[in-house]
Number of protein chains: 2
Amino acid sequence: MENAQETKPRRGRPPKAPDDAAARQKLIRTGLAHLTERGYSSAGVNEIILEAGVPKGCFYHYFRSKEDFGAALIDAYQSYFSAKLDRCFQDETLSPLDRLRRFVDEASAGMAKHDFKRGCLAGNLGQETGALPAPFRERLQSTFKDWQDRTAACLAQAQSLGEIGPKHAPQELAAFFWIGWEGAVLRAKLDRSPAPLETFAKGFFTLLESEAENQ
Amino acid sequence: MENAQETKPRRGRPPKAPDDAAARQKLIRTGLAHLTERGYSSAGVNEIILEAGVPKGCFYHYFRSKEDFGAALIDAYQSYFSAKLDRCFQDETLSPLDRLRRFVDEASAGMAKHDFKRGCLAGNLGQETGALPAPFRERLQSTFKDWQDRTAACLAQAQSLGEIGPKHAPQELAAFFWIGWEGAVLRAKLDRSPAPLETFAKGFFTLLESEAENQ
DNA sequence: TTATTTCTAGACCTTACAGTCTATTTAAAT
DNA sequence: ATTTAAATAGACTGTAAGGTCTAGAAATAA
């Protein structure tokens, strides 16, 4: 009666909400650092727990397996990144196109902060598809779809404001953007340089400009 | 005297030229299949020699280590691919821009032949940088530089023939192309679909067209 | 033939890895 | 207090991986 939820209170120590579990969070953070740098296959559970300062039993208390952990990392990255996109794409102080530019700048700064040694988790794992647990594929695809949709919405606004022309569908442009952007992140990592990000962004915005001029 | 090369003939069984060594070639071919599909880290020497039907001692006769093998694969892929580019970019029956289109079509057909399960070796390993033997990085970078240079030469021709405008430098465009193309290959592998290749190619050629119109 | 070297062959070794097991400690309900 | 379950702790296990070793077959100069 006094309990808001209908579940009667069980005896024993109640489980922490996953978000509060410090050890779990530490594992996720450390795991993201490792996987964005090394990918899934060559990332070791032992290394990760060592760096996180969490014992093994604890890892397998929160995650059934490395695969389960990997899936959790994809989800964590996906929501972290969606939030980042929203922050940029819903910034009312900027024009829609400038919001996209803001994302590009922030992402670039983010890579710089780690000396261009860390890439995009979705890109890394996407490339590893052939070596990954099968369920990862769908998760990664829907991740890209999500980012693409948010980007398309931003581009649609730009289009309705006349910042870009009506020549191409926003969805098509957004698809183009994410295809190329992931390639740019890949090269930035390989070259340890922001140049590929800039090169791609410059080309992409040139494409958009031409769209505006040719309408 | 009768020997063309100055090296005096040694006793014992003479080493086969690497190109003739059937076992070595089989290993390279099988290795390329595995690494384009799974990358370096998760590809197993044992699996490869098993599929190649070559005993282990034989592998370590031709290659000092997995790393050495990987380096040989990069070189093999690099020269195989450069030849492919030359075949396209020096096709006199086509206009320069159509040569690039030919490359896109051939590469797309190549991926389709393997059900989009195999990607680009350089792209795969580039993404794995953080987990790779350090010397691989430079090798991969020079691989991309080589492809980019060949592509820039083709675009320069297109520019001198007026197929594209003088707005951007061919090197810049070629850099943009390879950044995005590798991203497209990544996504094509993840999606098991030619769509990303087409989407990127379409956008890229649109960009070039606008270059022509705006000159 | 014989000496010498390459190439083939695969059993074996070592290490690193994901995953298990058994305690112990901590926190809440009774 | 006592009971119950969560969370921490880390030694241990089994296997798969890269790499070594030794032996023999094949090839050619002497």
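Being a predicted model, the structure only gives us computed values, none of them experimental. Reminder, nothing fancy here: chain letters follow the sequence lines and each chain counts from 1.
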*Is there a donor-acceptor pair under 3.5 Å between the side chain of A:Arg99 and the backbone N or O of A:Asp91?*
yes
*Could you check how far CG of A:Asn46 sits from C1' of D:dT13, rounded to whole Å?*
13 Å
*Nucleotide nearest A:Val45 when distance is taken to its side chain, options C:dT8, C:dG19, C:dA18*: C:dA18
_Nucleotide nearest B:Glu47 when distance is taken to its side chain, options C:dT8, D:dA17, C:dG19_ = D:dA17
*Can you tell me how far P of C:dC17 sits from OH of A:Tyr40, to the nearest Å?*
14 Å
*Euclidean distance, A:Arg87 CZ relative to A:Phe89 CZ, rounded to 0.5 Å*: 11.5 Å
*In whole angstroms, how far is the C1' atom of C:dA11 from the CD1 atom of B:Ile49?*
12 Å
*Got a sec: does the CZ of A:Arg192 have more than 12 other heavy atoms crowding it under 6.0 Å?*
yes
*Rounded to the nearest angstrom, tell me the gap between atom CZ in B:Phe69 and atom P in D:dG19.*
12 Å
*Is B:Lys56 near enough to C:dG10 that one of its side-chain N or O atoms lies under 4.0 angstrom from OP1 or OP2?*
no
*Once you round it to whole Å, what is the distance between P of C:dA18 and CG of A:Leu50?*
12 Å
*Nearest-angstrom distance from the residue atom CZ of A:Phe59 to C1' of C:dA18*: 9 Å
*Is a donor on one side and an acceptor on the other found under 3.5 Å between the side chain of B:Lys56 and the backbone of B:Asn46?*
no
*Over how many whole Å does the gap from A:His61 atom NE2 to C:dA23 atom C1' extend?*
15 Å
*Atom CD of B:Gln25 and atom P of C:dT8: how far apart are they, to the nearest Å?*
12 Å
_Base, sugar-phosphate or nothing for B:Gly57? Non-hydrogen atoms, less than 4.0 Å._
base
*Of the nucleotides C:dT8, D:dG19, D:dG10, which one has an atom closest to the side chain of B:Cys58?*
C:dT8
*Under the 6.0 Å and 45° cation-pi test, does A:Lys66 pair with A:Tyr40?*
yes
*OP1, OP2 of C:dT8 versus side-chain N and O of B:Tyr62: anything below 4.0 Å?*
yes
*Map B:Pro55 and A:Ser65 onto DNA chain C by nearest heavy atom, then report which one ends up closer to the 5' terminus.*
B:Pro55
